A.B. asks: 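Have a look at this one before I ask anything.
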Amino acid sequence: MITVTDLRKVYQQGDRTVVALDGVSLHVEAGQIHGIIGHSGAGKSTLVRCLTLLDRPTSGSVAVNNKELANVSDTDLRTARRRIGMVFQHANLMDSRTTAQNVAFPLELIGTPKSTINEKVSALLELVGLTNFADAYPSQLSGGQRQRVGIARALSSDPDVLLCDEPTSALDPKTTDEILALIKSVRDRLNLTVLIITHEMNVVKQACDSVSLLEAGRIVEHGDIEKVVANPAGRLSQALLPMPGDLPAQLPAGTVLDLLYSGASAAEPIISSISRTFNLDVNVLAGSVENLGEHQFAHLRIQLPEGSDINAITAHLIANGVAVTLKEAK
Amino acid sequence: MITVTDLRKVYQQGDRTVVALDGVSLHVEAGQIHGIIGHSGAGKSTLVRCLTLLDRPTSGSVAVNNKELANVSDTDLRTARRRIGMVFQHANLMDSRTTAQNVAFPLELIGTPKSTINEKVSALLELVGLTNFADAYPSQLSGGQRQRVGIARALSSDPDVLLCDEPTSALDPKTTDEILALIKSVRDRLNLTVLIITHEMNVVKQACDSVSLLEAGRIVEHGDIEKVVANPAGRLSQALLPMPGDLPAQLPAGTVLDLLYSGASAAEPIISSISRTFNLDVNVLAGSVENLGEHQFAHLRIQLPEGSDINAITAHLIANGVAVTLKEAK
Amino acid sequence: MDFFNDLMTNPGITKAMWPAFLETLQMVGISGLFTVVVGLPLGILLLNTAKGGLTPNRGLNVLLSGIIVNITRSIPFAILMVSLIPLASALVGTSLGPIAASVSLTIGTIPFFARLVETALRDVSAGKIDAALVMGSTRMQVVRKVLVPEAMPGIIAATTTTLVTLIGYSAMAGLVGGGGLGRLAYNYGFQRYDATIMIVTIVIIVLLVQIVQVLGDWFARLVDHR
Amino acid sequence: MDFFNDLMTNPGITKAMWPAFLETLQMVGISGLFTVVVGLPLGILLLNTAKGGLTPNRGLNVLLSGIIVNITRSIPFAILMVSLIPLASALVGTSLGPIAASVSLTIGTIPFFARLVETALRDVSAGKIDAALVMGSTRMQVVRKVLVPEAMPGIIAATTTTLVTLIGYSAMAGLVGGGGLGRLAYNYGFQRYDATIMIVTIVIIVLLVQIVQVLGDWFARLVDHR
Amino acid sequence: GGGAATTPSAEATLDPANPTVVKVGSSPIPQAKILQYIDDNLAKDAGIDLEITEIDDYLTPNIALDDKTLDANYFQTEAYLADQVKSKGYKFEHGKGIHVEPLTVFSKTFKDIADVTEGSVVLLNNDPVNQLRGLRVLESAGLLTGLEDTDSALLLDGDDVKNPKKLVFKEVNSEQVPKFYAEDKTIGLAVINGNYIVQAKLNLDEVVAQESAIDNPNANFLTWREGEETPAIAKLEELLHSDEVRDYIKKTWTDGSVVPAF
Ligand SMILES: Nc1ncnc2c1ncn2[C@@H]1O[C@H](COP(=O)(O)OP(=O)(O)OP(=O)(O)O)[C@@H](O)[C@H]1O
Ligand SMILES: Nc1ncnc2c1ncn2[C@@H]1O[C@H](COP(=O)(O)OP(=O)(O)OP(=O)(O)O)[C@@H](O)[C@H]1O
Ligand SMILES: [Mg+2]
Ligand SMILES: [Mg+2]
């Protein structure tokens, strides 16, 4: 469980003050995977540096399992940091160390006995599926394998929170899937709280239970994936389930509606239901139907024939849990 | 118009022979934008180097407007190259030259008079919308602006063919759209033949009239976008119009079909038509509807209720120009 | 105070320092000029005759890079200098003084500078060269319009480093008949235990080095549009 | 032939070359050792006291980097060497021969080596240091377990360059009372017009430089897992 | 000041069967050759064993003596030692003069010293004492006038009174003077230390002037640290002034570049 309360970070640049984090609050339950998404300059890197205490926050607190991290004394800082395991975009492995030695690094720092280290490293390499690569150097590993080593290393200090900073931005789509699956399986096994900082919508779609949108140092939207996607006016919904393409230039006459429906209702035959209930032809102009987490979502742009009873149809749709937006009426 | 005939390129690496291009033939009409897509190692870079004559092909020919390029004498090589303007992934501008000086580069090479250069450069900068940046250095430009300079430079020698090597791979999505729009508008104005080498499906979807799939030095699939997408068994169709996500774990009982329909028929209410014709509820499990070039395409996974007359429905769909694939029957 | 009094009256300073300083500038100037004039084309050749260069030529490259540049760079300058004294005599008619010293200085720094130039040119991305070739450049045009202008910040940095090295070498030349501040420091500072001359010479040389470095850095930044 | 006959009989070669060679090795070895022992921590301090380092300390950094290292590097080795002869005498009780020369050689190369070490350490990506800090490393652990091991190929390359420089400097030391091949080349090759000794000395030094370079490169590759 | 006197007790400590080592630094020629002659022919019977270090320059022998690298050195003259003692505060004492190497002026350009033209280049030693000696030779030859003991090449440059012929002075290490003289045709006169004449194979026909050997204050002597004239050093000092050594010098340097001073 991680709780961030009113985190502020102000940088002084000459006589200019940059407010990089402007009161960020966040609560993620144990076992949850939370995505933090934001554009360049939103404050993502600053948030990471404050969460890992590489930079001290200007004010506010960071707590893991109700134990405060940010406001501990300088001497306790190093112990405090061990509550958060961190995975980096470029893995940041030590090139002079083998896979096993990299994973052993955090244990060496606190003088763990050799035999304990060996046991623990073996277990972690097994967990991330790299037992056969224990003696390989990072340069001999693929990007995905390096990221696995980074995950094993982050886990070796038994953290309560796993903080992943753009963990897949340097990977190809196939490897991205593998790494996200690994993070999810690690979360399941160890009941870790996971924070993923990213700018890729796909990562949020594939791996996160909940998501926050960071903008100019503030969280402007947040919530469970199902909830944020279901809000058609929300920025996250538009980003996660966009409408593909533009309206075709020449349309047959009729009214155009955007439908967003999710959860159980998505599996229900909405189009068929309108067609049969109102006895008319529903034309799908654009849109997509997909599964996010445990839920199915549909975002469709439909066209109704001229003369349809738009009000009745809309009422029917809303009654069936569909969010309706009128795009064009003729 | 560009015609590539049976192009082969064999590299000798020690005592190992690598056949990088194994008989590539290609014909692109004037004014067409043709995409060449392929995985790493497929031979894309080799093809570019052979088309630009940076490497001499082992055999085969390259002709622009029926004028042979590949088999000219060494002395004519430099003139031959001027028939193909090239745009690079990283623009490859000269950092020591301003925008205007970069665009002037090809003209300087052949000793064009100063006044002619100035005129031509102004016109080209206007074409790519960079008139205000004539005196800026590349380091002062954004990635998209640099790419625009690269396009202007490639056009300054009045080529017949514009060869773009991963022109947008280094750009963000918004800038990618702008650059592709620019390439399309340039093609429209100058009636250029454009070849785009890429590994991004989006580029093909957005900009190309036709596409070739390069694999292990051979073209394994090619054709107009509408044709290749309309073939549900084709690799390009699966890549360009993929089915989002997997089947949900728990499905209501019934038969699952994948439908692919395109062109005029996509604008027709297929789902409604089945619902009403056969009086049943059609459930859309996943899929998308989008516009590629001038055409609309739909790739949908639908579920029919238990006991539906699958044969009749399939026949109905095929009669309406829909390609049907049976995924799961219960 | 004694030291400051000495500063004003010591003939080694009031009379000899300025001519010695000018001699040092002369040595560094002459040999710097010739080093650049010969070393720049040599650096270009080192790059372009190498594998993957514009005009690969294994034989010439082995000769230039492996033999001439590598071996000359391995010979300590002190030894190179004394063994080149007869050459200086033959070339410029004397083996004493700044002009004669410039001969060994030039020969000693050409390979060093050429190697730095080669490194600077190597930093010009292959993509730019490809772009120039695709646009129909001749090899000479690639060198003149791409390689050299694009590597200019690096070439200027190389020149700065070479000038600083030349200042150091010119001081050494003072030990064996060369002129300049090195000669003054050795013949009057060291031989006559004149600490004032020693200190003033060192201060002037350190300042000279710093000025060359600052000017060089400034100039390199000026032409650097990367 | 005359030259080959001379090779076999010239006492400057048959008798003096081997001891001179050993003296050169001794000078380079001793000063190389002390340069690394002092220069490595100095290089680490240069990096870590700088802005953005692990323990930024503007005052100490200006002192170490701006004053000590920059100024010492600007003093030509020839001048540094002659002005350090009294120090050598005070430190090692002699001012003659290889041990005494090692004093000025060490002082002359420490700043050079420290700067190279600083550059090598600077190449260790900030990400690795962040990773180590996030995992709870002390600053000392960052230095010992990250900076130095990760920069090891660069540090070895710096050591190689320093040894090659030392060979060159040691030859110069031969001109003012230092021993080794430089003295032999100067006293016999130069002063007594003995071309055979000159050529043999140059060949030996060039070979020595090449061997040091090849071994250094090989060793750097060996520890380079990047 | 030391003398050649030896005490009976000193004699007693020197044992030919177990000779006492004396570390002596000297210039290669003639000093090292003279020392080598003693080591080869006289030392053994006297109970000493010389360890000779050849040093080419004129600074290190005194530094090395001072820091006890050496027990004695044999290369310098009274004036040079005085200058060194004054500037560096050495506490040394020395023996009697052994030999003189008269400074010799060579010229390839001029047959006679009287022919020297205005503005000629003169190559000189760069160490202060030998430079002054050289300037004195030029003074005796009538090229310079009114020299003082503080004069140097630097001060004479542009001094139209003391240097009426506007001679241009170039200064290098003593061992380099013959080298540059041989190679550089721009040099009018070169003032060369006698000990280099043989080594550098100089042509005696080119001699245009020479320092007088009679009453020459520039005799070389043995120098040791004050109060440390050990029996072995005393014995060496004695042997250096033996008849055998006088004969050896006369027979070896027949061209007069080295002459005995006793
Ligand atoms: N050390 C610093 N000093 C001054 N300003 C800073 C500093 N670090 C970050 N900032 C400023 O804080 C704001 C947030 O920056 P931050 O790097 O956290 O953004 P980001 O979301 O990580 O962006 P990106 O995706 O580009 O990495 C920016 O305006 C940035 O300029
Ligand atoms: N100069 C060369 N010498 C030997 N083999 C080469 C050479 N250039 C390319 N090849 C080989 O030719 C094949 C095609 O390579 P090419 O670089 O054209 O692929 P690509 O499609 O551009 O891949 P990528 O997307 O990774 O750039 C590969 O097997 C490659 O190893
Ligand atoms: Mg960031
Ligand atoms: Mg490629």
Side-chain angles (χ1 to χ4, degrees), chain C residues 24 28 66-67 70-86 108 112 161 164-178 180-187 189-191 193-195 197-199 201-214, chain D residues 24 28 66-67 70-86 108 112 164-178 180-191 193-195 197-199 201-214:
Chain C
T24 293
V28 172
I67 299 181
N70 257 4
I71 291 189
T72 319
R73 287 198 59 193
S74 301
I75 302 176
F77 181 67
I79 290 184
L80 190 72
M81 191 178 50
V82 295
S83 54
L84 287 179
I85 286 177
F112 175 74
T161 308
V164 170
T165 305
L166 275 173
I167 294 173
Y169 282 179
S170 79
M172 199 190 318
L175 270 60
V176 280
L181 293 165
R183 187 187 71 96
L184 188 65
Y186 186 64
N187 285 352
F190 176 66
Q191 289 286 358
Y193 289 92
D194 193 329
I197 293 185
M198 202 65 157
I199 292 169
T201 318
I202 290 179
V203 168
I204 289 179
I205 290 183
V206 168
L207 287 179
L208 183 61
V209 167
Q210 301 296 332
I211 289 171
V212 167
Q213 193 68 57
V214 166
Chain D
T24 292
V28 172
I67 299 180
N70 255 4
I71 291 190
T72 319
R73 286 198 59 192
S74 301
I75 303 176
F77 182 68
I79 291 184
L80 190 72
M81 189 179 51
V82 294
S83 54
L84 285 179
I85 287 178
F112 174 74
V164 169
T165 305
L166 275 173
I167 294 173
Y169 282 179
S170 80
M172 198 189 322
L175 267 61
V176 282
L181 292 167
R183 192 187 72 96
L184 191 66
Y186 181 64
N187 286 354
Y188 291 85
F190 170 66
Q191 249 175 267
Y193 302 89
D194 194 330
I197 292 187
M198 200 64 154
I199 292 169
T201 317
I202 290 179
V203 168
I204 290 179
I205 291 184
V206 168
L207 286 178
L208 184 61
V209 167
Q210 301 297 332
I211 288 170
V212 167
Q213 193 67 56
V214 167

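Everything quoted here is computed from the prediction, not taken from an experiment. In the text below, chain A, chain B and the rest are named by the order of the sequence lines, each starting its count at 1.
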A.B. asks: Under a 4.5 Å heavy-atom cut-off, does chain C meet the side chain of D/Ile85, its backbone, both or neither?
C.D. replies: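 Side chain only.
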
A.B. asks: C/Tyr186: which residues meet the side chain to side chain donor-acceptor pair (under 3.5 Å) condition with it, sequence neighbours left out?
C.D. replies: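 So C/Tyr186 forms a side chain to side chain donor-acceptor pair (under 3.5 Å) with E/Asn173.
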
A.B. asks: Checking heavy atoms, do the side chain of D/Val164, its backbone, both or neither come under 4.5 Å from chain C?
C.D. replies: neither

A.B. asks: Check each atom of D/Ala171 against the heavy atoms of chain C and say whether the ones under 4.5 Å are side chain, backbone, both or neither.
C.D. replies: both

A.B. asks: Using only non-hydrogen atoms and a strict under-4.5 angstrom cutoff, which residues of residues 73-80 of chain D touch chain C?
C.D. replies: D/Ser74, D/Ile75, D/Pro76, D/Ala78, D/Ile79

A.B. asks: What residues, two or more places apart in sequence or in another chain, satisfy side chain to side chain donor-acceptor pair (under 3.5 Å) together with D/Gln213?
C.D. replies: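 Result, side chain to side chain donor-acceptor pair (under 3.5 Å) vs D/Gln213: D/Asp217.
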
A.B. asks: Heavy-atom cut-off 4.5 Å, strictly under: side chain, backbone, both or neither for C/Val176 against chain D?
C.D. replies: side chain

A.B. asks: Looking at residues at least two apart in the chain, or sitting in another chain, which of them share a side-chain contact (heavy atoms from CB on, under 4.5 Å) with C/Asp194?
C.D. replies: C/Asp6, C/Asn10, C/Thr196, C/Ile197

A.B. asks: If you round to the nearest 0.5 Å, how far is CE of C/Met172 from OH of D/Tyr169?
C.D. replies: 7.5 Å

A.B. asks: Specify the closest pair of heavy atoms between C/Met198 and D/Val82, including all atoms of both residues, with the distance to one decimal.
C.D. replies: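 Closest pair (atom of C/Met198, atom of D/Val82, distance): CE-CG2, 3.5 Å.
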
A.B. asks: By a 4.5 Å heavy-atom criterion (distance strictly below it), what part of C/Ile71 contacts chain D: side chain, backbone, both, or neither?
C.D. replies: both

